[in-house]
J.: 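Here it is, the structure in full.
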2 protein chains.
Amino acid sequence: MAEYRQATVFDVAKEAGVSTATVSNVLNRRDVPLSEKTIRKVEEAAAKLGYRRNVMAASLSRRKTYEVGLLLPGFVGYYGLFAQQMERTAHKYGYHLSVFSTDMDSKVERRLLEKLLERRVDGLFCHGLAMSGDSARKVVNDGTPILFFNCWNELKHLAIGTVNLNVYQACVDAVVHLHEQGCRSFFYYGNKRAFATNEQRIHGFREGLRLTGGKHPADMIDVEDIAADDLAEWLAERSEDATPAGVMCFDDWKAFVCQNRLIEGGYDVPGRFKVVGINNEFVAGHSYPGITSFNVPYEHQADMSFRWMLTHLGEQAKLEAKGERPFSPPVAGGEVKIPLTLVERLSSR
Amino acid sequence: MAEYRQATVFDVAKEAGVSTATVSNVLNRRDVPLSEKTIRKVEEAAAKLGYRRNVMAASLSRRKTYEVGLLLPGFVGYYGLFAQQMERTAHKYGYHLSVFSTDMDSKVERRLLEKLLERRVDGLFCHGLAMSGDSARKVVNDGTPILFFNCWNELKHLAIGTVNLNVYQACVDAVVHLHEQGCRSFFYYGNKRAFATNEQRIHGFREGLRLTGGKHPADMIDVEDIAADDLAEWLAERSEDATPAGVMCFDDWKAFVCQNRLIEGGYDVPGRFKVVGINNEFVAGHSYPGITSFNVPYEHQADMSFRWMLTHLGEQAKLEAKGERPFSPPVAGGEVKIPLTLVERLSSR
DNA sequence: TTGTATGCGTTATCAA
DNA sequence: TTGATAACGCATACAA
């Protein structure tokens with residue numbers, strides 16, 4: 001129905017018998033003084049006409065979009081859950097979030113970035129795997145603030161800050177945990193294509209080995225080098241039968257694949273092999289055996305990221321209105337580490 | 001760096017020594033005739049100044065945003081994968097996609113919808129579970145075209161069309177398949193809270209029972225009524241030991257939970273119980289035993305939806321430019337059924 | 001083939 | 001406390 005033109009401030013102003021400026025003032029609850037009567041008049045007129053503000057016009061006039069971008073390598077697993085939380089957090093602070101997935105394709109990445117800048121997003125949140133150096137410099141040069149999360153490469157110096165899950169520490173903890181559970185040989189099942197986010201885990205894994213005495217046999221596997229079908233055999237050949245071997249995996253999905261291939265091969269989990277993942281996704285909790293993992297405080301990570309960004313954008317007022325204490329970020333360009341917490345399950349008991 | 005004001009068409013025009021209209025014409029490759037020379041001049045000027053079009057201004061002037069909304073009940077599993085595909089498809093057709101998750105909360109739904117309408121989206125894609133009647137009517141009344149997917153309730157009559165996965169037929173096929181594999185008793189493990197999308201499956205399940213002779217024992221289970229921990233025992237009590245029982249599940253995640261609880265309870269899958277899911281997610285393919293499921297043609301579903309919407313928006317030209325055959329939608333307000341294809345795995349062999 | 005002028009719907013700056 | 005009015009950046013009918 002309704003081929004009527006949408007009502008504008010102008011229509012509302014006429015209906016209420018005031019000026020457009022007054023309408024705008026009422027509807028945006030500004031700091032200017034307004035009489036109760038005009039407020040009521042305007043609000044009634046707006047309701048009557050079904051007025052709905054035009055975001056384009058407002059953004060154009062205000063020279064601020066209240067839109068932020070989120071650039072991810074993909075949509076599944078951790079990425080999707082983080083996106084969902086970021087969206088909630090954005091709305092909580094009165095922002096609109098545009099989520100894009102680069103599919104790990106640099107052509108796509110460049111195109112999406114261009115789209116984001118054309119939309120004049122007020123700020124950009126970006127996963128370390130989702131942005132190249134060229135793109136990052138383009139954004140900075142454009143004057144758009146960028147905040148990284150899960151970024152461990154040199155690009156982070158271009159950002160206003162970085163919010164990282166402490167996967168390093170998680171891997172340290174995992175090895176220590178596996179050792180406590182009786183493991184005397186260790187494997188890391190990783191994913192080269194995840195670059196720095198993989199290397200962080202490797203560092204943690206090594207540190208864990210060091211802390212547990214130093215000289216247990218250990219080896220690295222990568223999903224790129226060993227087909228899933230060969231995984232169980234590969235692990236069995238390289239580990240003793242007497243004591244359980246611990247397998248630290250890149251994430252829950254790798255752990256899931258690893259554990260299922262082991263079981264398929266007839267190896268007992270957790271008797272012969274113990275498995276640990278990261279992210280504590282649904283699949284970890286509902287597998288049998290349940291997969292030991294690390295819980296991610298999504299809300300905390302998202303809130304931290306957003307408050308940092310808002311502070312940079314000079315929106316402290318907004319934070320305080322939300323009852324949040326004014327956020328004092330770490331050193332500009334610094335890094336915040338979000339701790340992950342171990343969730344023990346049958347796969348490592 | 002760069003606290004310069006962003007370059008505008010005006011700046012480009014001055015730099016190139018032409019008018020803003022010419023700049024706009026060149027940059028939008030319109031149907032108007034343009035001399036090679038001015039095209040080059042304008043493009044060089046734009047590149048030199050790092051000009052980037054302002055989407056707000058363009059949308060405002062054009063009275064069209066090239067933005068469409070996608071309203072989902074959540075972000076995980078099928079929803080997330082569909083969102084990712086819709087985003088790709090949107091970009092392919094030159095549109096921007098704003099994805100929102102209602103989290104199955106009607107307050108959230110209303111707020112998000114309002115945001116979408118404020119942004120003057122050209123159209124709205126909406127999951128059947130993500131929109132109430134009031135909201136749907138508000139959208140229609142607003143004049144914004146809406147297209148549903150996976151919607152089986154009466155709301156679909158408010159839409160320009162509906163694109164549904166044929167889960168009914170999938171369930172029919174599943175029961176027939178399980179029967180062929182030797183099952184002589186059947187269960188449907190569903191999810192009441194998914195309303196119509198659950199009922200479609202139930203209808204299919206019943207039809208499958210009818211087709212396979214009619215009088216095999218069968219029963220319904222719902223995730224709301226039976227705790228996952230009790231599931232295995234519940235199923236065992238209600239099925240004979242002599243022949244395998246088939247469990248058709250709402251989706252792969254339910255199948256995953258079901259299968260793992262059965263294995264945990266010491267029941268053989270697929271010997272004692274055979275399990276089938278829907279959606280063919282990663283978890284189905286990489287479980288052990290692999291879970292028989294139904295593959296979803298995401299790209300097809302997304303493309304079909306988009307072309308339907310674009311046709312409604314009068315953008316046939318855009319479709320043809322993309323080399324697509326002009327889409328002739330089914331009856332306006334009609335329903336398209338997307339077939340799912342069985343993927344056999346060990347869980348039902 | 002190119003330029004002029006106007007409109008798009010808000011917000012913000014003044015002045016009243 | 002409220003009202004004119006000038007931006008905001010782009011697209012487009014119409015004129016040249």
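Not measured: the values here are computed from a predicted model.
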J.: Starting the side chain at C-beta, find the nucleotide from D:dT12, C:dT11, D:dG9 nearest to B:Thr8.
T.: D:dG9
J.: Going by the side chain to side chain contact (heavy atoms under 4.5 Å, CB included) test, name the single residue among B:Val26, B:Thr22, B:Asn25 that passes it with B:Val32.
T.: B:Asn25
J.: Across the strands shown, which category fits A:Thr38 at heavy-atom distances under 4.0 angstrom: base, sugar-phosphate, nothing?
T.: sugar-phosphate
J.: The criterion is salt bridge (Lys or Arg N to Asp or Glu O under 4.0 Å); which residues satisfy it with A:Lys64, sequence neighbours excluded?
T.: A:Asp122
J.: Please state whether the phosphate of C:dG9, meaning OP1 or OP2, lies under 4.0 angstrom from any side-chain nitrogen or oxygen of A:Arg52.
T.: no
J.: Rounding to a whole Å, what distance do you find between A:Asn28:CG and C:dG9:P?
T.: 17 Å
J.: Is the gap between the ring centers of A:Phe100 and B:His91 under 6.0 Å?
T.: yes
J.: Can you tell me how far C1' of C:dT10 sits from CG of A:Asp11, to the nearest Å?
T.: 13 Å
J.: If you compare every side-chain N and O of B:Arg120 against the phosphate oxygens of C:dG9 (OP1, OP2), does one of them come in below 4.0 Å?
T.: no
J.: Provide, to the nearest angstrom, the distance between the CD atom belonging to B:Glu118 and the C1' atom belonging to C:dT10.
T.: 12 Å
J.: Under 3.5 Å, side chain of A:Ser24 to main-chain N/O of A:Thr20, donor-acceptor pair present?
T.: no
J.: Taking 4.0 Å as the cut-off, does a side-chain nitrogen or oxygen of A:Tyr66 come that near to OP1 or OP2 on C:dT10?
T.: no
J.: Ignoring the backbone of B:Arg62, work out which of C:dT10, D:dG9, D:dT12 is nearest its side chain.
T.: D:dT12
J.: Distances for protein N/O vs nucleotides 3-7 of chain D N/O pairs under 3.5 angstrom?
T.:
residue	atom	partner	partner atom	Å
D:dG3	OP2	A:Ser19	N	2.9
D:dG3	OP2	A:Ser19	OG	3.4
D:dG3	OP2	A:Thr22	OG1	2.7

J.: Is A:Glu114 salt-bridged to A:Arg119, cutoff N-O under 4.0 Å?
T.: no
J.: Please determine, for the side chain of A:Ser35, which listed nucleotide (D:dG9, C:dT10, D:dT2) has the closest atom?
T.: D:dT2
